[in-house]
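Down below is the structure, laid out as structure tokens.
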Amino acid sequence: MLLGIESSCDDSSLALTDLQSTKLLWHSKISQEGAHSPYGGVVPELASRLHALNLPLLAQRARDFLGSFGALKAIAITTCPGLSVALLEGLMLAKTLALGLKIPLISVDHLQAHIFSLFIDKPLVFPLSVLLVSGGHTLIVEVKSPQEMHIVAQSMDDSLGESFDKVSKMLGLGYPGGPVVESLAKACPPQEALQFTLPLKDHKGLAFSFSGLKNAVRLAILQEREKGGLNQSFKARLCAGFQKTATAHLLQNLRRYFANSPIKTLGLVGGVSANFYIRECIHALCEEFGCDLLLAPLEFCSDNAAMVARVGVELFRCKDFSPLHGTDISPHTRLPYVG
Ligand code: KG4
Ligand code: ZN
């Protein structure tokens, strides 16, 4: 059995996965969203302290489930990318357990973990192209095997999740912004959504950009404030316009990508992939191009240890272990970044 640990941002999570069957046996998560909400984003110092509080509680729960840690054969831990002070809390727990139990430590790339959220309790599907939309990244990744991945498109500035969060913050709606912006957008009749310019409309290659759209949202809010204030109907029209334009930008890139590469299967992963409007639009595009769409269950779209453990099982099988001492914790499977 393998224990996965996740603490890269604002979710503390542990999961147990069977090494033979790859079945997820148990998982538990303590989210910190409520603690960060008043600040409109994740406060690293607070995140670190809450991981220090919550990870031992989760370890206790895991041990209660197992009876003892004796059956553990390896520990998989997210080591990058993420908030360093948050990652270190998980790494300390992982190293402590690995040293104490004399079992291997497996270093997992967070982006790779999101991709493997598609394979929790499911067999692997390769080759695969993935649109990864999270709080930190917006990428198209080509995956040939668990250790061969190549990023073919990324954001030139902000990520999509961060943009959802900023729109929410500008409207005073707290963190995380994605779910609240999605539900406000849903309340707006489609024809009443505010119009925004499509980012990188005339750009020839594959790339994402959300900073211009974010700024346009900021200016629309300023203008409305000058007129007297932001009512609920304006907020809904603004959220609908932002979500529609940001999604059209994703679709524009996917269309270009599909046109040049014969893609059989597309995976959609990351916190933003919980968004139903985005899921539906990408599903329709995949149907148009005759491509299968793989989605992670909603509970595994945002950060969780089940996806870390799922990668861990594959790395365990090829004995891709990390040293227990020193500061070299970078995964051997670090994704090759473009640019
Ligand atoms: O993957 P994730 O949990 O953490 C990172 O790796 O960053 O993604 C978190 C992001 C946040 O920006 C959050 O606002 C966004 O995912 N998110 C959503 C939705 N649910 C979460 N964005 C749009 N619509 C949603 N329903
Ligand atoms: Zn994530």
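Atoms within each ligand, like the ligands themselves, are counted from 1 in listed order. We number each residue from 1, following the sequence as shown.
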*Which of the atoms of ligand 1 are close to Ser302, meaning less than 4.0 Å from one of its heavy atoms?*
3 (O)
*Which ligand 1 atoms does His110 reach within 4.0 Å, using its non-hydrogen atoms?*
6 (O)
*Going by the atom numbers of ligand 1, which of them fall below 4.0 Å from some non-hydrogen atom of Gly161?*
12 (O)
_Nearest-neighbour protein heavy atom for atom 10 (C) of ligand 1, which is reported as residue plus atom name and distance_ = Gly135 N, 3.6 Å
*Heavy-atom nearest neighbour of atom 11 (C) of ligand 1 within options Asp11, Ile278, Val167, Asp165*: Asp165
_Protein N, O or S within less than 2.8 Å of the Zn ion (ligand 2), waters excluded_ = His110 NE2, His114 NE2, Asp303 OD1
*Can you get from Leu50 to Ile30 by hopping between Ile, Leu, Val, Met, Phe, Trp and Tyr side chains that sit under 4.5 Å apart?*
no
_Flag for His249-Gln252: side-chain donor and acceptor within less than 3.5 Å_ = yes
*What do you reckon, does Cys9 put a non-hydrogen atom under 4.0 Å from ligand 1?*
no
*Atoms of ligand 1 less than 4.0 Å from Asp303 heavy atoms?*
1 (O), 2 (P), 3 (O), 4 (O), 5 (C), 6 (O)
*Qualifying residue, where the test is side-chain hydrogen bond (donor to acceptor under 3.5 Å, both in side chains) with His110 and the options are Thr79, Asp303, Thr78*: Asp303
*Of the protein's non-hydrogen atoms, which lies at the shortest distance from atom 17 (N) of ligand 1, and what is that distance?*
Gly271 O, 3.6 Å
Less than 3.5 Å apart, which donor and acceptor atoms pair up between the side chains of residues 264-276 and the rest of the protein, not counting sequence neighbours?
from   : atom 1 : to     : atom 2 : distance (Å)
Ser273 : OG     : Gly270 : O      : 2.6
Asn275 : OD1    : Tyr277 : N      : 3.0
Asn275 : OD1    : Ile278 : N      : 2.9
Asn275 : ND2    : Gln243 : OE1    : 2.9

*Identify the protein heavy atom lying closest to atom 25 (C) of ligand 1, giving its residue, its atom name and the separation to 0.1 Å.*
Gly178 C, 3.6 Å
*So is there a nitrogen or oxygen of Glu182 less than 3.5 Å from a nitrogen or oxygen in ligand 1?*
yes
_Centroid separation under 6.0 Å, is that true for the rings of Phe119 and Phe126?_
yes
*Run the contact test for Gln243 against ligand 1 with a 4.0 Å cut-off on heavy atoms, strictly below, and give the result.*
no
